[in-house]
Amino acid sequence: MKFRGKILDIACLNHFTRVITTISKLTKTCVLRLTPDNLFFVLSGKVANGGVSMWCELSQANFFDEYQMEGVSPEDNEICLEVTPENLSRALKTLQNAKAVKVKLTKKHCPCLTIAAELPTLSSINRVVTHDVPVDVIPRRLWNEFKEPSMPDFDVSIYLPPLKTLKNIVDRMKNLSNFLVMEANLSGEMNLKIETDLVSVTTHFKDLGNPPWGDEASQDGGPSQSRDPEDMAQARVDIRKLQQFLMGQQVNPSKAMCNIVHERVVHLILLHEDVSLQYFIPAVA
């Protein structure tokens, strides 16, 4: 297995750092899948058992000026590594003024992602800073656990309001309850609700719009096909998991969407021109 990449553009480096920092806020460890065309950051929590899961896809061509990799074999031309995103984020944050950043899979005291950067100096002598980020190589027999999750057969799909606004509301609601009800319909309406023995609070959003697939999903008569546009689909979620997702956002998505499988799961999607991030939060009873 071999992997090496090089980033020369400061804007690309900063953007890559923001993506890694966002992921570090969502999970302590995840799997980095390297393929010839893409990088994937995967958290394969068992949603059915109450765990969150994540799928983040980056096109390498939009970040790296040079990118070379050889997988475990010609037939399985991939590399899967277990990484700690926070360690990657810390290393990258120290290199924001670098002339060039090289990332390489190395074998030292353990497998590492070695990040080497050439930093500007006032003299003619180059200053190179190197970080070794330990990783674990995932064996081929476990790769099936880290494939792209399928789109859930949702009841409602809706565009999210501005994430900063959403975060401010959720932050305030967290002081009232550990759980929050998200509900939405196919008329562009979305509500966030807190209901306890002492208080009932609801925030309403209107005219958010529904993604095109919300009307076309389940063409064989599934939930979205026959659903009354005014009917709400809802899921009760752990408010801390939603807050964690909103607190870490540095991707600045061009589109943010939410799919709700009634009383089962909330599927959040952030889309940027070169980044796709999916996050699944299970419903609680």
Side-chain angles (χ1 to χ4, degrees), residues 1-27 29-42 54-72 74 77-108 110-138 148 248-255 270-278:
M1 296 184 299
K2 296 180 180 179
F3 164 69
R4 67 173 63 218
K6 188 175 183 179
I7 302 176
L8 297 175
D9 190 293
I10 292 297
C12 291
L13 175 60
N14 291 340
H15 186 27
F16 187 66
T17 302
R18 286 194 296 270
V19 173
I20 304 301
T21 300
T22 293
I23 294 170
S24 73
K25 303 296 184 182
L26 300 178
T27 178
T29 62
C30 67
V31 170
L32 169 59
R33 268 185 64 201
L34 301 168
T35 70
D37 298 318
N38 297 292
L39 296 85
F40 304 93
F41 290 90
V42 186
M54 176 195 69
W55 176 269
C56 183
E57 179 177 344
L58 289 71
S59 173
Q60 60 89 359
N62 291 324
F63 293 91
F64 290 88
D65 296 273
E66 298 177 15
Y67 184 93
Q68 299 174 344
M69 62 86 59
E70 294 179 15
V72 296
N77 193 21
E78 296 185 14
I79 300 173
C80 286
L81 308 169
E82 185 176 60
V83 302
T84 302
E86 185 176 359
N87 291 342
L88 278 177
S89 175
R90 285 176 177 173
L92 291 168
K93 283 181 177 179
T94 65
L95 309 175
Q96 295 304 289
N97 295 321
K99 296 179 180 178
V101 173
K102 297 178 182 179
V103 184
K104 183 179 180 181
L105 181 60
T106 59
K107 176 69 172 178
K108 298 192 175 181
C110 67
C112 292
L113 281 176
T114 296
I115 304 172
E118 181 183 343
L119 299 180
T121 63
L122 297 178
S123 67
S124 59
I125 301 174
N126 289 334
R127 183 162 62 103
V128 176
V129 174
T130 301
H131 295 270
D132 291 321
V133 179
V135 298
D136 290 322
V137 178
I138 305 294
E148 182 173 6
Q249 291 315 315
Q250 299 186 30
V251 176
N252 297 322
S254 55
K255 292 182 180 179
L270 303 182
L271 297 178
H272 190 277
E273 59 184 10
D274 46 25
V275 178
S276 169
L277 175 62
Q278 302 181 55

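All residue numbers in this chain count up from 1 along the given sequence. FYI, side chains are in, hydrogens and waters are out, and symmetry mates aren't considered; it's all heavy atoms of this structure.
Contact check for V133 versus V83: no side-chain heavy atoms found under the 4.5 Å cut-off. Looking at heavy atoms from C-beta onward, L88 lies out of side-chain contact with F16 at the 4.5 angstrom threshold. When side chains are defined from C-beta on, N77 counts as touching M69, because their heavy atoms get closer than 4.5 Å. In this structure, L39 and Y67 have side chains that are in contact, with non-hydrogen atoms separated by less than 4.5 Å. Between H272 and V19 the shortest side-chain heavy-atom distance does not fall below 4.5 Å. P253 places none of its side-chain heavy atoms less than 4.5 Å from the side chain of L271.
Smallest separation of non-hydrogen atoms from N38 and S59: OD1-CA, 3.5 Å. The shortest non-hydrogen separation linking V31 to C80 is CG1-CB, 4.3 Å. Closest approach of S89 and I20 over heavy atoms only: N-CG2, 3.7 Å. Nearest heavy-atom pair across L92 and Q96 is O-NE2, 2.6 Å. For the residue pair I10 and N97, the shortest heavy atom distance occurs at CD1-C, 4.3 Å. Nearest heavy atom pair, residue P85 against residue T29, reads CD-CA, 4.0 Å.
Note that CZ of F3 is 11.5 Å distant from NZ of K104, once rounded to the nearest 0.5 Å. Between the CG atom in D37 and the CG atom in L58 there is a gap of 13.0 Å [rounded to 0.5 Å]. Rounding to the nearest 0.5 Å places CG of L13 at 9.5 Å from CZ of F64. Between the CG atom in L95 and the CZ atom in R90 there is a gap of 14.5 Å [rounded to 0.5 Å]. Distance CG/L81 to CG/D136: 9.0 Å, rounded to 0.5 Å. Between the SG atom of C30 and the CZ atom of F40 there is a distance of 13.5 Å, given to the nearest 0.5 Å.
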Where do L34 and M1 land on the side-chain contact (heavy atoms from CB on, under 4.5 Å) test, with the steps shown first?
-> CA-CA 11 Å; L34 301 168; M1 296 184 299; over 6 Å; no
E148 and Q278: CA distance, side-chain angles, deciding distance, side-chain contact (heavy atoms from CB on, under 4.5 Å) verdict = CA-CA 10 Å; E148 182 173 6; Q278 302 181 55; 3.8 Å; yes
Begin from the C-alpha positions of L113 and N87 and carry the test side-chain contact (heavy atoms from CB on, under 4.5 Å) through to its verdict.
-> CA-CA 10 Å; L113 281 176; N87 291 342; over 6 Å; no
Test log, rule side-chain contact (heavy atoms from CB on, under 4.5 Å), inputs T114 and K102 = CA-CA 8 Å; T114 296; K102 297 178 182 179; over 6 Å; no
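Of the listed residues (E78, E57, E82), just one forms a salt bridge (charged side-chain N to carboxylate O under 4.0 Å, His left out) with R33, and that residue is E78. Checking each of P111, C112, C110 against D132 for a side chain to side chain contact (heavy atoms under 4.5 Å, CB included) leaves exactly one that passes, namely C112.
Side-chain N/O atoms of D274 and H15 include a donor and acceptor closer than 3.5 Å.
Listed for the T21 side chain is a donor-acceptor partner under 3.5 Å among the backbone atoms of T17.
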